[in-house]
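A short write-up of the structure that comes next.
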Amino acid sequence: MTISLSHALVTGGATGIGKATALALAEAGVEVTICGRRAEPLEAVAALNPRIHAMTADVTDEASVEALYTQAQAARGPIEIVVANAGIASSAPAHKTTLADWNRILDVNLTGAFLTVRPALAGMAERKRGRLIFIASVAGLRGSAYVAPYVASKHGVVGLMRALAAELLKTGVTVNAICPGYVETEMLEESIARVMEKTGRSEEQAREGFAAFNPNHRLIKPEEVAGAVLWLASDAAISVTGQPVAITGG
Ligand code: NDP
């Protein structure tokens with residue numbers, strides 16, 4: 001798969017899906033800027049491939065994201081692929097969800113995704129090349145119990161993707177969202193720990209419960225999501241835009 005674009009930004013690139021995506025893009029020859037809030041895990045991933053460059057940034061902070069673009073683009077040229085991947089989850093019945101929790105999830109998952117892509121929009125449209133790839137979720141396509149802010153935020157991300165795809169239709173810039181089912185990452189480990197604590201289930205039972213949410217009863221590997229990012233970033237996917245790409249096991 002040929003990727004003609006030369007510089008990618010992957011938010012949340014230190015762990016899980018972001019880490020697998022950064023490694024896959026770097027192996028495909030792309031310079032990759034990764035960001036997150038914690039420096040140490042970012043630097044550990046950057047040490048794995050000389051094309052990966054670590055920078056701390058918080059996607060909920062407009063100035064922090066702007067500063068990231070300024071520094072990364074000065075060092076490696078225009079960011080031509082944006083993978084808006086940073087995200088957080090929590091679980092509670094809707095009536096017990098506090099406003100603080102609601103705002104925290106929406107801030108990172110939805111407003112953070114908007115702030116992540118906004119600085120790239122004008123330049124990509126002007127150069128007539130670029131790829132915006134949101135890591136949404138199957139929770140962006142259907143409802144699920146006890147995760148109202150997460151589901152709302154991911155539906156918002158799919159809506160944002162559709163709006164931007166429409167806006168950039170004639171520019172040659174494509175905009176898509178990947179919607180995975182449960183993926184084996186740190187986020188899932190935290191969800192498993194929450195289920196064990198709240199229900200008294202064993203780790204194995206909790207893990208099997210999450211796998212059973214995927215129709216094929218198999219947890220997805222981060223590398224499978226990274227494979228879809230590579231395809232959407234590749235020259236072969238130039239006519240794919242405005243699409244939620246489900247990776248759900250059925
Ligand atoms: P991880 O918890 O491994 O990764 C999340 C990453 O986001 C971390 O590296 C974290 O780094 C970063 N992050 C969180 N908040 C911020 C912030 N405010 N600013 C910058 N970076 C931030 O989980 P996953 O790899 O599973 O999640 C990646 C994406 O995939 C998320 O959007 C998630 O919703 C989505 N997804 C995950 C699924 C799953 O089953 N795992 C299923 C479907 C979608 P740091 O804490 O250092 O900031």
Side-chain angles (χ1 to χ4, degrees), residues 10-24 36-38 41 45 59 83-110 112-113 133-159 161 177-229 243-250:
V10 181
T11 64
T15 58
I17 292 169
K19 176 181 175 183
T21 297
L23 287 168
R37 293 163 303 175
R38 293 164 297 153
V45 174
V59 297
V83 185
N85 164 74
I88 56 172
S90 71
S91 64
H95 71 279
K96 287 190 180 164
T97 298
T98 63
L99 178 60
D101 233 8
W102 172 270
N103 284 338
R104 194 173 59 88
I105 304 283
L106 269 286
D107 272 356
V108 178
N109 293 1
L110 180 55
I133 302 163
F134 294 96
I135 307 301
S137 168
V138 68
L141 303 174
R142 63 168 200 234
S144 210
Y146 311 127
V147 283
Y150 188 78
V151 167
S153 71
K154 293 299 186 177
H155 273 69
V157 169
V158 171
M161 175 278 287
I178 298 174
C179 298
Y182 282 106
V183 185
E184 285 186 277
T185 70
E186 287 78 345
M187 183 181 278
L188 184 69
E189 294 306 323
E190 285 166 23
S191 302
I192 287 170
R194 274 198 300 271
V195 167
M196 288 165 66
E197 190 194 318
K198 284 182 185 163
T199 66
R201 282 187 208 155
S202 70
E203 186 183 340
E204 199 186 339
Q205 286 169 328
R207 191 175 293 279
E208 275 171 12
F210 281 109
F213 274 109
N214 293 342
N216 61 355
H217 286 220
R218 178 187 166 273
L219 290 170
I220 296 154
K221 303 261 181 231
E223 291 73 20
E224 297 170 52
V225 181
V229 173
Q243 302 304 315
V245 178
I247 302 183
T248 55

Could you grab the distance from atom OH of Tyr150 to atom NE2 of His155, nearest 0.5 Å is fine?
12.5 Å
Report the distance from atom CZ of Arg142 to atom SG of Cys179, rounding to the nearest 0.5 Å.
10.5 Å
Applying the side chain to side chain contact (heavy atoms under 4.5 Å, CB included) test to Ile105, which of Val151, Leu110, Val147, Ile88 qualifies?
Ile88
Let me confirm one number: the CG-CD1 distance from Asn109 to Ile135, rounded to the nearest 0.5 Å.
12.5 Å
Flag if over 12 foreign heavy atoms under 6.0 Å of NZ, Lys221:
no
Is the ring pair Phe213/Tyr182 parallel, tilted or perpendicular, if the boundaries are 30 and 60 degrees?
tilted
Heavy atoms of Gly140 and Val158 approach each other most closely as O-CG2, 3.8 Å
Residues 11-23, side-chain donor-acceptor partners within the protein, below 3.5 Å, at least two apart:
unit_1	atom_1	unit_2	atom_2	d
Thr11	OG1	Asn85	N	2.9
Thr11	OG1	Ala86	N	2.9
Thr21	OG1	Ile17	O	2.8

For Ala152 against Trp102, the heavy-atom pair lying closest together:
CB-CH2, 3.7 Å
Closest approach of Pro149 to Leu106 (non-hydrogen atoms, all atoms of both residues)
O-CD2, 3.7 Å
State, yes or no, whether a side-chain contact exists between Val59 and Val108 at a heavy-atom distance under 4.5 Å.
yes
Can you see which heavy atom on Ala206 is nearest to which on Met196, and at what distance?
CB-CG, 4.2 Å
Indicate yes or no: does Arg207 engage Glu189 in a salt bridge with an N to O separation below 4.0 Å.
yes
Taking the side chain as every heavy atom from C-beta outward, state whether Pro244 and Met161 have any pair of such atoms under 4.5 Å apart.
yes
Salt bridge (Lys or Arg N to Asp or Glu O under 4.0 Å), that's the test. Do Asp101 and Arg104 meet it? Break it down for me.
CA-CA 5 Å; Asp101 233 8; Arg104 194 173 59 88; 2.9 Å; yes
Closest non-hydrogen atom pair between Asn216 and Thr248, with its separation
OD1-O, 4.4 Å
Grab the two heavy atoms, one from Ala136 and one from Pro180, that are nearest each other, plus how far apart they are.
O-CD, 3.9 Å
Sequence neighbours left out, what pairs pass side-chain hydrogen bond (donor to acceptor under 3.5 Å, both in side chains) with at least one residue falling in residues 90-99?
Ser91-Arg194
How long is the span from the CZ atom in Phe210 to the CG atom in Leu219, to the nearest 0.5 Å?
9.5 Å
Ile192 CD1 to Glu208 CD distance, which is reported to the nearest 0.5 Å:
10.5 Å
Test item: Glu184 and Ile220 side chains (from C-beta on) under 4.5 Å apart, heavy atoms
no
